[in-house]
Amino acid sequence: MTYDLVIKNGTIVTAEATYTADIGIRGERIAAIGEGLSGTRELDAAGKLVTPGAVDVHVHLALNLGGGLVSCDDWFTGTRAAAFGGTTTIVDFVHPEAGETLAQAYDLRRAEADPQTTIDYALHMALGPAQIPQLGDLPQIVERGITTFKLYLAYGYCLKDGELLQALEAIRDVGGLPVVHAENWDVITTLIRRHVAAGRTEPRWHPRSRPAPLEAEAAGRVIDLAAWVGVPVHIFHIGCREVVQRVAAARAKGLPVYGETCPQYLFLTEAAYDAPGVAGALPVCAPPLRTETDQDVLWAALAQDVLQLVTTDHCPFTTEQKARGLQDFSRIPGGVPSIEARFPLLYTYGVRAGRISLNRWVDLCCTTPARLHHLERKGALAVGCDADIVIFDPNQTVTLSTGTLHENVDWTPYNGFTAQGWPSVTIQRGAVLVDNGSFHGQAGQGRYVARKTK
Ligand code: DUC
Ligand code: ZN
């Protein structure tokens with residue numbers, strides 16, 4: 001039997017196992033995994049790892065912060081960069097504006113994404129105070145394939161505790177998953193005001209306005225409310241020991257609490273904010289970068305299944321955009337780029353450094369994100385799955401810089417980092433998107449993935 005495409009002789013790495021076999025693809029799906037398969041087209045993967053396409057369930061492409069500030073990777077450039085780094089599915093956000101229905105906001109985001117995206121994507125629906133009166137519309141949103149709902153305990157979308165309670169109940173009632181930005185916004189805004197009034201305006205005051213124990217208070221509060229309501233919860237972008245401890249305690253009680261961290265928290269520290277001038281503003285993100293001790297705690301938590309996912313929170317702003325906050329750190333647009341390097345960096349500094357196993361790498365970056373976020377047929381290598389596949393060369397060395405990365409931003413926090421191992425081929429639903437540094441995808445080639453609640 002001949003397949004359309006066969007990946008031959010590779011070392012297949014899944015979340016559960018590592019073995020040598022061929023993968024046969026027919027149309028858009030994996031049709032066979034076995035020995036001696038033959039195809040119309042064949043790719044030799046001898047000496048390479050063959051993994052599922054990586055899944056990044058937390059990205060912000062073309063995020064509009066208002067005032068002319070829009071994150072600088074759009075749906076084309078951001079998804080192209082993702083594909084170069086082996087990511088074949090992302091989940092971004094719908095942020096409804098006051099006066100818009102959830103369905104209208106969804107339609108607008110689809111209209112932005114569909115013509116541009118080069119990889120498959122799904123959407124989280126953000127629910128802020130203005131959306132509380134619309135919680136009755138959640139079933140309509142689930143019908144549109146959105147099963148995950150973003151709740152903010154910060155920024156303009158910040159929910160009061162009673163609103164948080166109502167949102168968690170509504171999400172529970174549709175069988176959805178809340179994904180939460182957990183910080184204590186009242187405390188943060190008070191500390192910001194105090195620092196700025198005293199002339200403490202440099203970026204190094206950013207982490208000092210967002211103390212880790214109080215970030216943990218917010219995470220603990222949402223964990224407690226979710227447990228009382230009876231809904232699982234996914235805590236976004238965990239960067240400190242104190243939040244890891246809250247997640248660990250909840251999981252030890254058997255609660256369905258899940259936690260992610262991101263490359264910036266594993267590889268950078270708050271010392272980056274001490275750099276003079278705009279350099280100290282570039283890595284401003286929220287929650288802020290923390291310490292080397294926190295990094296060790298995060299790695300251990302990833303290895304021990306206290307944290308289950310690595311995402312990026314990719315949200316790049318240019319040097320010029322970041323510089324707009326130089327007189328006042330609280331005006332620096334928050335976010336860093338990571339969409340391209342996540343999967344290879346986790347291999348180099350996770351697997352090669354002996355912190356996580358090969359299988360855990362795939363689990364954290366591909367399989368658990370797909371399963372937890374209801375992305376059926378993604379994040380796994382099995383017959384019937386979408387043929388989203390990475391041929392990963394463990395011997396390719398890439399020194400990261402804006403010259404080697406494809407993100408549409410004029411800086412990278414990983415400048416000078418060496419990745420030992422990089423995707424040589426990225427395949428999406430059977431089509432080769434990236435082949436040895438050449439991009440073969442097209443705007444609009446990616447598809448919206450409508451999800452179903454379990
Ligand atoms: N934090 C950031 O730093 N950027 C985007 C959104 C967020 O929560
Ligand atoms: Zn985010």
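The chain is numbered in sequence order, starting from 1. Values below: all heavy atoms of this structure, side chains included; hydrogens, waters and symmetry mates excluded.
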Problem set entry | Side chain D137, main chain T101, donor-acceptor under 3.5 Å | no
For this session: Examine distances only and state if a side-chain atom of Q131 and a backbone atom of G128 form a donor-acceptor pair shorter than 3.5 Å.
Result: yes
For this session: Please lay out, stage by stage, how T293 and D296 fare under the test side chain to side chain donor-acceptor pair (under 3.5 Å).
Result: CA-CA 5 Å; T293 306; D296 291 340; 5.7 Å; no
For this session: Heavy atoms only: give me the nearest H60-C315 pair and the separation to one decimal.
Result: CB-SG, 3.8 Å
Exercise. Looking at side-chain heavy atoms only, is the closest gap between K150 and Y157 below 4.5 Å?
Worked result: no
Problem set entry | Beyond-backbone contact of N415 with L400, side-chain heavy atoms, under 4.5 angstrom | no
Seminar exercise, completed: One should read off an interatomic distance between T412 OG1 and F417 CZ, to the nearest 0.5 angstrom, of 8.5 Å
For this session: With V362 as reference, evaluate T367, L346, V390, I356 under the side-chain contact (heavy atoms from CB on, under 4.5 Å) test and give the passing residue.
Result: T367
Exercise. Within a reach of under 6.0 Å around CZ of R331, are more than 12 heavy atoms found that belong to other residues, nucleotides or ligands?
Worked result: no
Exercise. Do L433 and I427 touch side chain to side chain, with heavy atoms closer than 4.5 Å?
Worked result: no
Exercise. Counting distance only, does the side-chain N/O of R371 pair as donor-acceptor with the main-chain N or O of K378 below 3.5 Å?
Worked result: yes
For this session: Flag the pair I389 / L381 as yes when at least one side-chain heavy-atom distance between them is below 4.5 Å, and no otherwise.
Result: yes
For this session: Any chance you could lay out the side-chain contact (heavy atoms from CB on, under 4.5 Å) test for N184 and E215, step after step, and finish with the verdict?
Result: CA-CA 6 Å; N184 186 320; E215 186 185 328; over 6 Å; no
For this session: Evaluate the criterion side-chain contact (heavy atoms from CB on, under 4.5 Å) for residue pair L127 and I132; output intermediate values, then yes/no.
Result: CA-CA 7 Å; L127 301 172; I132 297 299; 5.7 Å; no
Exercise. Do R342 and V310 have side chains that get closer than 4.5 Å, going by heavy atoms?
Worked result: yes
Exercise. Strictly by modelled atom types, are T118 and Q445 linked by a side-chain donor-acceptor pair under 3.5 Å?
Worked result: no
Problem set entry | Residues T348, Q420; criterion side chain to side chain donor-acceptor pair (under 3.5 Å); working and verdict | CA-CA 5 Å; T348 303; Q420 175 70 57; over 6 Å; no
Exercise. Any sub-3.5 Å donor-acceptor pair from S71's side-chain atoms to L63's backbone N or O?
Worked result: yes
Problem set entry | Salt-bridge criterion met for R290 and E242 (N-O under 4.0 Å) | no
Problem set entry | Exercise: identify the closest heavy-atom pair between V257 and A250 | CG2-CB, 3.8 Å
Exercise. Is it true that D305 and R360 make a salt bridge, defined as a side-chain N closer than 4.0 Å to a carboxylate O?
Worked result: yes
Problem set entry | Main-chain N/O of A62 paired to D74 side chain as donor or acceptor, under 3.5 Å | no
Exercise. CZ/R451 to CG/L123 distance, rounded to the nearest 0.5 angstrom?
Worked result: 7.5 Å
For this session: Start with the C-alpha distance between E340 and H406, add both sets of side-chain angles, then the distance that settles side chain to side chain donor-acceptor pair (under 3.5 Å), and finish with yes or no.
Result: CA-CA 7 Å; E340 186 166 352; H406 302 81; 2.8 Å; yes
Exercise. S338 pairs by side-chain hydrogen bond (donor to acceptor under 3.5 Å, both in side chains) with which of E407, Q264, H314?
Worked result: Q264
Exercise. Quick check, are the ring centers of F392 and W361 under 6.0 angstrom apart?
Worked result: yes
Exercise. Between atom CG of L138 and atom CD1 of I171, what is the distance when rounded to the nearest 0.5 Å?
Worked result: 6.5 Å
Exercise. Does the K322 side chain pair with the main chain of L282, one donor and one acceptor, at a distance under 3.5 Å?
Worked result: yes
Problem set entry | Check: W422 ring centroid to Y347 ring centroid under 6.0 Å | no
Problem set entry | Q104 atom CD: more than 12 heavy-atom contacts under 6.0 Å | yes
Problem set entry | CA sep, side-chain torsions, deciding dist, call: L298, I238, side-chain contact (heavy atoms from CB on, under 4.5 Å) | CA-CA 8 Å; L298 294 172; I238 296 172; 4.3 Å; yes
Problem set entry | Evaluation steps, side chain to side chain donor-acceptor pair (under 3.5 Å), between D313 and Y265 | CA-CA 11 Å; D313 198 10; Y265 302 112; 5.1 Å; no
Problem set entry | pair V434-H440: side-chain heavy atoms closer than 4.5 Å | no
Exercise. Once you round to the nearest 0.5 Å, how far does CG of D120 lie from CD of Q428?
Worked result: 3.5 Å
Problem set entry | Residues, nucleotides or ligands: over 12 heavy atoms within 6.0 Å of Q166 CD | yes
For this session: Give a yes-or-no answer on whether the side chains of D363 and T368 include a donor-acceptor pair shorter than 3.5 Å.
Result: yes
For this session: May I ask you to check whether W185 and Y155 place their ring centers less than 6.0 Å from one another?
Result: yes
For this session: State whether the number of non-hydrogen atoms from other residues, nucleotides or ligands found under 6.0 Å of D186 atom CG is greater than 12.
Result: no
For this session: Keeping the roles fixed (side chain from T147, backbone from G176), state whether a donor-acceptor pair exists under 3.5 Å.
Result: no
Problem set entry | Stepwise side-chain contact (heavy atoms from CB on, under 4.5 Å) check, T89 with Y121 | CA-CA 5 Å; T89 307; Y121 78 100; 5.9 Å; no
For this session: Assign the ring pair F93 / H95 to parallel, tilted or perpendicular, where the plane angle (0 to 90°) is split at 30° and 60°.
Result: parallel
Exercise. Does the ring centre of H58 sit less than 6.0 Å away from the ring centre of H124?
Worked result: no
